[in-house]
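Single-structure report; data block below.
Chain naming here is simple, since letters A, B, ... match the order of the sequence lines and numbering starts at 1 in each.
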Amino acid sequence: MPRFSVPVPADFRLWRDCCSYGYFLLAPNTWDVDTQTLTRGLRVASGPVSVSVSQEHGAGEPLRVTTDRAVAAAERADISRQLTRMLRLDEPRDLMREFHKADPRWKRVGRGRLFRSPTMFEDVIKTVTSCNVTWPSTVVMNRRLCEVLGEAVGDTHTFPTPAKIARTRPATLRARCRVGYRDARIVELARLFMLPRSRGGVEPVWFEHPATPDDAVHDALLELPGIGPYAAANIMQLLGRYTRLPLDTESVRHGRTVLGMKGETKAMMKRMHEHYRPFGVHAFRSYWFELWEFYERKHGPAHTWERDSTGKMFTAALLSK
DNA sequence: GGTAGACCTGGACGC
DNA sequence: GCGTCCAGGTCTACC
């Protein structure tokens, strides 16, 4: 199997930083608990390729990347770029320091990076499939999207491209991918990712550019079909903009059981926003790692979770039991 | 600006 | 095994 290395920051640990957000359990991502390896299909110029990532030793050791076929040097660079986005290998060091200064609870364990997808498009679709649905359904939707519309490669798939979904009939998405009423919205989102910003389309470069103000990104996200306040705030954090909180019923459970808050849902949400406001531009990470720690206390370290057993557990309804 | 109800799926529950 | 109820965020119609 062809193999190459990807350098990482000195504080990077694959088992911790990959298993830091629920998307590591969603197809086409597969986390092998026994070998502590992440495998999935990625697209490069010559077509789909199955990529496995592991880290032999401790923090700072380069990633060992294995592909199921030979890839050109430029394609290895492309794979590195996609892994860098997923694992946030380029998270600015001073921003991590600032976060740990603002919330020292996570300095010792080194938490700071949040797993995401190789593209903004995949992050947006994953967010839409997590809205108004329990986690096991989100798992099914992503698996079927990949199996039906992604490209099979090795034992895995790629995530479907905007072009592929844009060509798919909503009824097909509903019937074969079990996305329910989200069908037309997902197809419309895919079409928007095919259009330039001048024609009302979504250009990830604009959303990801540091010079684009948070408010502008937020407003633009709310214009998209299927994206409301929760989804917009969640996509913001996936874009590395951590000021806003994507609060949902799970957040309310956290407020009640962990923070000891009381009251109706609406009042609780307001109090949650106030509670994390002092963390400023780091608010989401402070909130999320608190939530994640609760999950890990309940079910063990995330790097030991299996997608089809423990990985199905973390929903508000199941955790409140 | 705020609110009620529909949207769809899968799991829980009662019979 | 079947029917009913419920959770979940967004969208639209309505006040």
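Atoms CG (A:N132) and C1' (C:dC6) sit 12 Å apart, rounded to a whole Å. Taking atom CG on A:L247 and atom P on C:dT10, their separation rounds to 11 Å, with Å as the unit. When the C1' atom of C:dT10 is taken as reference, atom CG of A:L189 falls 12 Å away, rounded to whole Å. In this entry the distance linking CZ of A:R178 with C1' of B:dC8 reads 9 Å, nearest Å. If you measure from atom CH2 of A:W135 to atom C1' of C:dG9, you get 15 Å, rounded to the nearest angstrom. One interatomic measurement links the two molecules: CG of A:N234 to C1' of C:dT10, which rounds to 14 Å at whole-angstrom precision. The CZ-P distance, from A:R176 to B:dC8, rounds to 20 Å in whole Å. We find that CZ of A:R143 is positioned 10 Å from P of B:dG10, with the value rounded to whole Å.
For A:R174, a side-chain nitrogen or oxygen approaches OP1 or OP2 of B:dC8 to under 4.0 Å. For C:dG9, the OP1/OP2 oxygens have a side-chain nitrogen or oxygen of A:T249 closer than 4.0 Å.
Under the 3.5 Å distance criterion, the side-chain polar atoms of A:R88 are matched with a main-chain donor or acceptor of A:L114. Remark: the backbone N or O of A:L89 is not paired with any side-chain donor or acceptor of A:T84 at under 3.5 angstrom. No donor-acceptor pair under 3.5 Å is formed between the side chain of A:W292 and the backbone N or O of A:Y21.
Helix bend of the helix from B:dG1-C:dC15 to B:dC15-C:dG1: the angle between its two end axes, each built from five pairs, comes to 40° after rounding to 10°.
Checked by atom type, the side-chain pair A:Y287/A:Q237 shows no donor-acceptor distance below 3.5 Å. With hydrogens and angles left out, the side-chain atoms of A:R176 and A:T172 include no donor and acceptor closer than 3.5 Å. Side-chain polar atoms of A:D123 and A:S117 form a donor-acceptor pair below 3.5 angstrom. Looking at A:Y23 and A:T127, their side chains do bring a donor and an acceptor atom within 3.5 Å of each other.
Of the candidate nucleotides B:dC8, C:dT10, B:dG10, B:dG10 has the atom nearest to the side chain of A:S137.
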Next item on the list: Evaluate the side-chain hydrogen bond (donor to acceptor under 3.5 Å, both in side chains) criterion for residues A:D17 and A:S20: first the C-alpha distance (whole Å), next the side-chain angles of each, then the deciding distance (0.1 Å), finally the verdict.
Entry: CA-CA 5 Å; A:D17 296 330; A:S20 58; 5.8 Å; no
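Using a 4.0 Å heavy-atom cutoff across all strands shown, A:D183 reaches no nucleic acid atom at all.
When all heavy atoms are compared, the tightest approach of A:P160 to A:F121 is O-CE2, 3.5 Å.
Comparing A:K266 and A:V179, the nucleotide of DNA chain B nearest to each residue sits closer to the 5' end for A:K266.
Judged by distance alone, with hydrogens and angles left aside, A:Y230 brings no side-chain donor or acceptor close enough to the base of C:dG8 to form a pair under 3.5 Å.
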Polar-atom pairs under 3.5 Å, protein N or O versus N or O of nucleotides 11-15 of chain C: list them with distances, or write none.
{"unit_1": "C:dC11", "atom_1": "OP1", "unit_2": "A:G226", "atom_2": "N", "d": "2.3"}
{"unit_1": "C:dC11", "atom_1": "OP1", "unit_2": "A:I227", "atom_2": "N", "d": "3.3"}
{"unit_1": "C:dC11", "atom_1": "OP2", "unit_2": "A:I227", "atom_2": "O", "d": "3.3"}

